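Computed from a predicted structure; not experimentally measured. Chain naming here is simple, since letters A, B, ... match the order of the sequence lines and numbering starts at 1 in each.
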4 protein chains.
Amino acid sequence: MLTRDELLKHKPLIMAGPCAVESKEQITSIAEALAPMGVHVLRSQFWKPRTSAADFQGVGEAGFAWVREIKEKTGLLVATEIVDKDHIPLTHGTSDILWVGARNMQNFELLKALAKDDRPVILKRGFINTMKEWLASADYIGRERVILCERGVRTGADSMRFTLDINSALVAKHDHGMPVIADPSHTTGRRDMVPAMTLASVAAGLDGIVVEVHNDPENALSDSKQQITPETFKDLLDKVRKVYAIATGIA
Amino acid sequence: MLTRDELLKHKPLIMAGPCAVESKEQITSIAEALAPMGVHVLRSQFWKPRTSAADFQGVGEAGFAWVREIKEKTGLLVATEIVDKDHIPLTHGTSDILWVGARNMQNFELLKALAKDDRPVILKRGFINTMKEWLASADYIGRERVILCERGVRTGADSMRFTLDINSALVAKHDHGMPVIADPSHTTGRRDMVPAMTLASVAAGLDGIVVEVHNDPENALSDSKQQITPETFKDLLDKVRKVYAIATGIA
Amino acid sequence: MLTRDELLKHKPLIMAGPCAVESKEQITSIAEALAPMGVHVLRSQFWKPRTSAADFQGVGEAGFAWVREIKEKTGLLVATEIVDKDHIPLTHGTSDILWVGARNMQNFELLKALAKDDRPVILKRGFINTMKEWLASADYIGRERVILCERGVRTGADSMRFTLDINSALVAKHDHGMPVIADPSHTTGRRDMVPAMTLASVAAGLDGIVVEVHNDPENALSDSKQQITPETFKDLLDKVRKVYAIATGIA
Amino acid sequence: MLTRDELLKHKPLIMAGPCAVESKEQITSIAEALAPMGVHVLRSQFWKPRTSAADFQGVGEAGFAWVREIKEKTGLLVATEIVDKDHIPLTHGTSDILWVGARNMQNFELLKALAKDDRPVILKRGFINTMKEWLASADYIGRERVILCERGVRTGADSMRFTLDINSALVAKHDHGMPVIADPSHTTGRRDMVPAMTLASVAAGLDGIVVEVHNDPENALSDSKQQITPETFKDLLDKVRKVYAIATGIA
């Protein structure tokens, strides 16, 4: 079984994939574009937490078979957001890494259920949660299984959807010894700004990135405006690796 | 069965009770002090969402019998926070009103489960959620069953635990036609400030208040610093009724 | 000469007047409507700090004679915002009270110049300043001459222009012994919400209010949307006095 | 005379120097360390805006001669913060670039006075000002003379002193065509975090940096905790140039 610390041997850790799994063709096409770039983990969201009940809620378990086929073919690891504790056992054999979204960072019943699993868990930070709260939520799961993910805070002067709080990510990493990755897609909400925020994150020495990549962003069923194409991501990855190496001295 | 609109015939709606049910003696003593004051609803928290896993998590179902006995004796209505969708069916016959805490405002799976119930639901606002998000969460449940509860936002200049956002409560009420109550206990985090924030809320014409009242605040198992005694609450209630009548013209 | 503490014998202190002095007719008409209501202080803004250089910047010294005539006729005290240290000496004989706007709360050169005057100074809080910063700015002037004014903070979830931070006003008053008044006009930015926020402020026991009142709000040269008419203010004042008396026990 | 656009031919623009000019020896020592590194502009703060009146307020005009001597010897350009409109004419012949601090971003009288000068002006963003407000303040001065400076916003979840809002800096740059530099010293408030935030800023493609560098940070008269040594800065500058070249393609 993959442990968090094995996963973190990838420096920086590269996670990418669509906002949501939409169809076998979509996720396969994206995965086949990403695997040759050296991406480590495929975002595979089967259930989508949405602000509005009227929005697309994900394909659910129907997508498991598609993704297992992709894993076998490409060797990609798979990360899946958990929105309901009952989904956790279902994902065994499909998802190598679990994920808690920003809106569930303090859904303590979900955290307690995740504590009973043994896979690595990515814990996104809530809209305005403090360091103490973020770490307390990690402790619910078990800190040694957790990778924190900074995805932006909400402020009174937001020029994009959220303000990426690299300062807090650095405090979590250096003062508290936690691995931290950044999500430049949700903080910007716009694809033209994703590369700059991605490079900023790795230049700060954060441990990895998770970027929304879609083969046809314009027609994506969710987060259409912030997903980038595999081609854009390929160019960006080249810069990511160079910048990370200069910033951290880790090549 | 009690509907939201029947509940709202109480003007203002008065909810009070301890942060958490701790023992039969504790909840009975508090309820017996509150009932003669004309309190409408007893806070009865069987499960507590806590920032840290090490803190008191509530008495759970053990408390149901105590509270049912209290209901019979006093006629008080009972409101209970739901932190786990599996708890919802358990509360039938005990809880007249359900409750979603600030940290679960965007726990959409919980909201979907509540949509299948038919009791009134109090929906507290998350730490920094927008009006659009608050209303979208109400829509998950069914807006006509929801009473919103403003409990304070987190800002960069918090002088107390949270800043009570009466402005947003007014917008929810007047621009969106939603009933809104205020929680002066969580916003202040200190008992000496609860009366002033309570009076501010009813002076603004909000539809009610929910105040933490404990028979022995110093020794409460949670939120010890913000609970007031029944005696303090009694004096406050007298002012609440007078201020509300002047502010709204509703006597 | 009027001292701050003499001014504060008015409980609550009532300040009202237009956003800006626009003409002799305008300020006279408003003052004559306000004086019989028992208003203590007339807002008389000769210089307006505006976000955009293209907006109306005030009538300047031209207005002094108009206001001196009003003072003589009505006995109203006059409060004037100072935006430029060179204006301070000009206001002697006209303005009884000086005023520092939110955007100048940390304009330390202005504060130092005000320290050389001896009139009471109202110090509005900046958009997101902490208690420590607010008090430090008061200390620049001399704390015993200062009345703090809470006018709303900017948060990530503003439903109106700013969120009135009554919590902080209470901390300034009770923990730091400072007199604090509230400005319900700037926090709301909309006249229909001014009465509710005004009543909330006095119900919390704050020491006074400053409300924008204009004889013809629709045609005001600035802040047109938030000024209320003298008629609306008269009804509000009646409630203000009753609510303040109940909340504080001071009749 | 140096124009803003000539200044911006330096890609990225490197500004460095102590928080405040303290003595001839101090500023000379720092300048002589910085000049050989290819720093373009020396921070020369003669007047310090301080939250508390009791803190060191700067050496004032006494420092002009020291800095003019440094300019002659090193060829460094000089940037000076203006806190009082009366200081502007005094700085002719000494300061090539003027500077408006965060707390004065909406001190409109100061902006109007700066509009009468013709030197480039660096306009720092206030604690929580919106894009619209930032640009409106630039318009007071004359947008073509202004370089914006992002120095961090205050949020409800600050892990350091302020949260550097690279998102807003990017919007100012790409959506509004403004040059934007970053101040990693004030956002972090701690020297160990300055390099990471500096690299993040140039990786995002911002136009330059302004970093506090002091020959003896421990004994600095202001901002002691956030100033780095010339040696640390030299290593950082090497990485800054490489990261900027990769991120922007500009070598």
Side-chain angles (χ1 to χ4, degrees), chain C residues 47-58 60 81-88 100-116 124-143 152-158 161-163 165 167, chain D residues 47-58 60 81-88 100-116 124-143 152-158 161-163 165 167:
Chain C
W47 305 281
K48 287 297 305 169
R50 305 303 299 274
T51 298
S52 167
D55 290 336
F56 173 63
Q57 306 270 329
E81 178 168 359
I82 298 298
V83 296
D84 181 334
K85 64 182 175 174
D86 297 345
H87 294 162
I88 300 172
V100 177
R103 293 164 188 78
N104 278 320
M105 192 200 94
Q106 294 193 302
N107 174 351
F108 302 118
E109 298 304 312
L110 187 63
L111 303 182
K112 287 179 198 170
L114 285 163
K116 295 177 191 148
K124 293 183 106 174
R125 183 177 175 205
F127 290 6
I128 198 72
N129 285 107
T130 60
M131 188 59 50
K132 194 177 164 186
E133 290 166 347
W134 204 6
L135 296 172
S137 286
D139 285 336
Y140 261 98
I141 298 167
R143 206 180 276 205
V153 293
R154 178 172 283 164
T155 84
D158 283 330
R161 285 214 318 181
F162 294 92
T163 295
D165 184 359
N167 300 64
Chain D
W47 304 280
K48 288 297 305 171
R50 303 304 298 275
T51 298
S52 167
D55 291 337
F56 173 62
Q57 305 270 330
E81 178 168 358
I82 297 297
V83 296
D84 181 334
K85 64 183 177 174
D86 297 344
H87 293 164
I88 300 172
V100 178
R103 292 165 188 78
N104 278 319
M105 193 200 96
Q106 294 194 301
N107 174 351
F108 302 119
E109 298 304 310
L110 186 64
L111 302 181
K112 287 179 198 171
L114 285 164
K116 294 177 193 150
K124 292 183 106 174
R125 183 178 175 206
F127 290 6
I128 198 71
N129 285 108
T130 61
M131 188 60 49
K132 194 176 164 187
E133 290 166 347
W134 204 6
L135 296 173
S137 286
D139 285 336
Y140 260 98
I141 298 166
R143 207 179 278 206
V153 293
R154 179 171 283 165
T155 83
D158 283 329
R161 285 216 316 183
F162 294 93
T163 296
D165 183 359
N167 299 65

D/Arg143: what forms a salt bridge (Lys or Arg N to Asp or Glu O under 4.0 Å) with it, not counting sequence neighbours?
D/Asp139
Shortest non-hydrogen contact from [X] to [Y]?
X        : Y        : result
D/Ile128 : C/Arg154 : O-NH1, 3.0 Å
C/Arg50  : D/Tyr140 : O-OH, 2.6 Å
C/Glu109 : D/Val83  : CG-O, 3.1 Å
C/Ala136 : D/Ser52  : CB-CA, 4.5 Å

Here the gap from C/Leu135 atom CG to D/Thr51 atom OG1, rounded to the nearest 0.5 Å, amounts to 12.0 Å
So NZ of D/Lys112 and CD of C/Gln57: to nearest 0.5 Å the spacing works out to 4.0 Å
Kindly indicate, with the supporting measurements, whether the criterion side-chain contact (heavy atoms from CB on, under 4.5 Å) is fulfilled by D/Phe127 and C/Gln106.
CA-CA 11 Å; D/Phe127 290 6; C/Gln106 294 193 302; 3.7 Å; yes
Against chain C, label D/Asn129 side chain, backbone, both or neither, depending on which of its atoms sit under 4.5 Å from a heavy atom there.
both
Which region of D/Thr130, side chain (C-beta onward) or backbone (N, CA, C, O), has a non-hydrogen atom less than 4.5 Å from a non-hydrogen atom of chain C, or is it both or neither?
both
Could you walk me through whether C/Asp86 and D/Lys85 pass the side-chain contact (heavy atoms from CB on, under 4.5 Å) test, one step at a time?
CA-CA 11 Å; C/Asp86 297 345; D/Lys85 64 183 177 174; 3.1 Å; yes
